[in-house]
Trainee: 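Quick one: the structure is below, questions incoming.
In what follows, every chain begins at residue 1, and chains take the letters A, B, ... in the order their sequences are listed.
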2 protein chains.
Amino acid sequence: MKRETTEIRQEQIKKAVLDIIFNEGLDRLSTRNLAYKVGITEGAIFRHFKSKRDIILSIMQDVQTNLISDLRTIALSAESAEQRLFSFLCKQCTYLIENKGVTILLFTEAAHMNDRALKEHLREILIEQKSLIGKIVKDGMSEGLWNTKLNVDDVTTMYMGIPITLNIELTLNHERFDRDNFCRRMFSLLQHMLSIQNQKRM
Amino acid sequence: MKRETTEIRQEQIKKAVLDIIFNEGLDRLSTRNLAYKVGITEGAIFRHFKSKRDIILSIMQDVQTNLISDLRTIALSAESAEQRLFSFLCKQCTYLIENKGVTILLFTEAAHMNDRALKEHLREILIEQKSLIGKIVKDGMSEGLWNTKLNVDDVTTMYMGIPITLNIELTLNHERFDRDNFCRRMFSLLQHMLSIQNQKRM
DNA sequence: ACATTATGTAAGTAAGTGTTTATATATCTT
DNA sequence: AAGATATATAAACACTTACTTACATAATGT
């Protein structure tokens with residue numbers, strides 16, 4: 001029997017987790033099925049992770065180190081607020097589309113397991129994203145680009161609806177969802193919302 | 001032992017489902033725990049519902065007949081588009097806040113069970129809501145109230161982010177979430193987005 | 001070449017899952 | 001009051017769950 005290092009097995013196991021969620025649904029995410037997918041026995045799984053919960057936490061950590069750090073780079077770059085907001089939105093959408101399993105896992109498992117640490121972790125990921133968007137919005141206001149009368153927190157709340165809705169539509173509609181220029185279309189609406197305007201009516 | 005009609009037991013069982021989800025998490029939603037909560041034995045559960053899946057489908061049906069019919073009434077009423085949009089949003093938010101268990105159940109169980117019929121049902125609920133909002137938006141445009149250049153589908157997609165985000169924040173933040181005037185604040189942003197405007201910049 | 005260590009397996013654990021069966025009894029109808 | 005029916009129970013069903021144990025062997029360092 002061929003043997004692999006813990007590092008390689010951990011990657012294989014995490015990859016298999018996302019694969020199962022995407023192709024078979026969360027209720028098929030058992031250690032038995034997981035072991036079968038990786039091509040090892042159930043016992044071997046627990047050689048590389050001390051529990052199933054630990055696998056999920058490790059995947060969350062990956063999101064933290066991959067997606068969030070990319071988003072941080074975009075939010076803090078030297079470009080215009082407008083350009084940064086667009087790049088930020090595109091990055092989020094691309095990630096959600098390419099890592100569908102991850103987001104299903106995060107959102108549903110937090111509610112499902114009723115696990116405080118897991119929920120807290122997810123909460124931090126969302127809060128961090130919101131604070132980065134908040135920075136971009138504030139910068140855009142300072143630049144005289146956007147309406148300073150808007151409440152920044154409200155704008156970020158509204159903004160976060162976009163990736164979350166995208167995720168739900170992807171889950172439910174699978175391939176029927178119209179993702180062409182999704183970022184561009186949503187960005188255009190955000191611009192209307194943020195713009196300094198002379199309203200014709202109240 | 002006291003006996004109740006199937007109708008009463010069905011209501012008690014469905015109530016217990018939402019109770020368990022809210023207070024203990026979805027993973028504690030076993031027929032055993034359910035029976036214990038209602039105060040009957042497991043076997044009795046299956047006298048009133050033919051399967052656990054049927055209980056969830058029945059709850060979905062309740063959402064359909066309660067929430068959706070209320071929303072339809074609002075959307076098709078004689079009031080102004082502006083007033084209808086606000087009432088619609090408020091109704092949705094109130095329902096989500098008062099029936100947290102329901103929405104956790106719907107969103108997560110669809111992904112979890114990978115159940116086509118269940119997913120389809122949820123998809124229909126969302127599509128129906130979107131089409132009602134679409135009608136309000138189109139009416140508002142005809143009334144000369146809102147920007148006719150906006151894509152109605154995009155607006156409804158953006159709109160749907162609001163209740164969905166609210167739901168996620170409620171799940172994760174529990175009581176820390178600032179729900180004061182939530183509808184009013186989000187509605188104000190929607191108005192900015194929809195308004196006919198003279199933009200100062202592109 | 002040999003002892004050590006990391007990675008594996010096969011078979012088990014106890015507890016939990018949704019569901020069914022055989023049986024009892026409360027309630028309703030006649 | 002007697003019979004029919006609906007509602008209950010207790011106990012089991014066959015199966016799955018995450019996880020553990022005892023033991024084996026491939027890879028590694030000396």
Trainee: Just how far, in rounded Å, is P of dT5(D) from CD of E4(B)?
Mentor: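 Between P of dT5(D) and CD of E4(B): 22 Å.
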
Trainee: Output the rounded distance in Å from CG (L26(B)) to P (dT17(C)).
Mentor: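 Computing the L26(B):CG to dT17(C):P distance gives 13 Å.
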
Trainee: Extract all donor-acceptor atom pairs below 3.5 Å that involve side chains of residues 95-104 of chain B and protein atoms in other chains or at least two apart in sequence.
Mentor:
from, atom 1, to, atom 2, distance (Å)
N99(B), ND2, Y95(B), O, 2.9
T103(B), OG1, K100(B), O, 2.9
T103(B), OG1, N167(B), OD1, 2.9

Trainee: Please work out which residues in residues 42-59 of chain B have a non-hydrogen atom less than 4.0 Å from an atom of DNA chain D and list them by number.
Mentor: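 Contacts with DNA chain D under 4.0 Å: G43(B), A44(B), R47(B), H48(B).
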
Trainee: Where do D154(A) and M186(B) come nearest, in terms of heavy atoms and distance?
Mentor: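 Closest approach of D154(A) to M186(B), heavy atoms only: O-CE, 3.6 Å.
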
Trainee: Whole Å only: how far is the CG atom of D27(B) from the C1' atom of dA15(C)?
Mentor: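 Computing the D27(B):CG to dA15(C):C1' distance gives 14 Å.
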
Trainee: One thing to verify: whether D139(B) and K135(B) come together as a salt bridge, which I'm taking to mean a side-chain N less than 4.0 angstrom from a carboxylate O.
Mentor: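 Salt bridge flag = yes for D139(B) with K135(B).
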
Trainee: Return the value, rounded to whole Å, for the distance between atom CD of Q12(B) and atom P of dT7(D).
Mentor: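 Q12(B) atom CD is separated from dT7(D) atom P by 12 Å.
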
Trainee: Between residues 29-41 of chain B and DNA chain C, which residues have a heavy-atom gap below 4.0 Å?
Mentor: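 Heavy-atom cutoff 4.0 Å gives L29(B), S30(B), T31(B), R32(B).
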
Trainee: Run the salt-bridge test on E4(A) and R9(A) with the 4.0 Å N-O cut-off and return the result as yes or no.
Mentor: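 Judged by the 4.0 Å cut-off on N to carboxylate O distance, E4(A) and R9(A) do not form a salt bridge.
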
Trainee: I'd like to know if E169(A) pairs up with R123(B) as an ion pair, taking the criterion as any Lys NZ or Arg NE/NH1/NH2 lying under 4.0 Å from an Asp or Glu carboxylate oxygen.
Mentor: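 Result for this pair is no, no salt bridge flagged.
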
Trainee: In whole Å, I'd like the distance from the CZ atom of R28(A) to the P atom of dT16(D).
Mentor: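 Interatomic distance, CZ of R28(A) to P of dT16(D): 9 Å.
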
Trainee: Per the atom types in the model, does the base of dA27(D) pair as donor or acceptor with the side chain of R3(A) at under 3.5 Å?
Mentor: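 Between dA27(D) and R3(A), which were checked side chain against base, a qualifying N/O pair under 3.5 Å is absent.
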
Trainee: With no hydrogens and no angle check, is any side-chain donor or acceptor of S142(A) less than 3.5 Å from a backbone partner on K138(A)?
Mentor: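 Yes; at least one donor-acceptor contact below 3.5 Å.
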
Trainee: If only atom types and distance count, is the side chain of N147(B) paired as donor or acceptor with the main-chain N or O of L194(B) below 3.5 Å?
Mentor: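 Between the backbone of L194(B) and the side chain of N147(B) there is no qualifying donor-acceptor contact (under 3.5 Å).
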
Trainee: Could you tell me whether a side-chain N or O of N66(B) sits under 3.5 Å from a main-chain N or O of D62(B), the two making a donor and an acceptor?
Mentor: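 Indeed, once roles are kept as given, a pair shorter than 3.5 Å links the two residues.
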
Trainee: Would one find a side-chain N or O of T6(B) under 4.0 angstrom from OP1 or OP2 of dA6(D)?
Mentor: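 Negative; the distance criterion is not met.
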
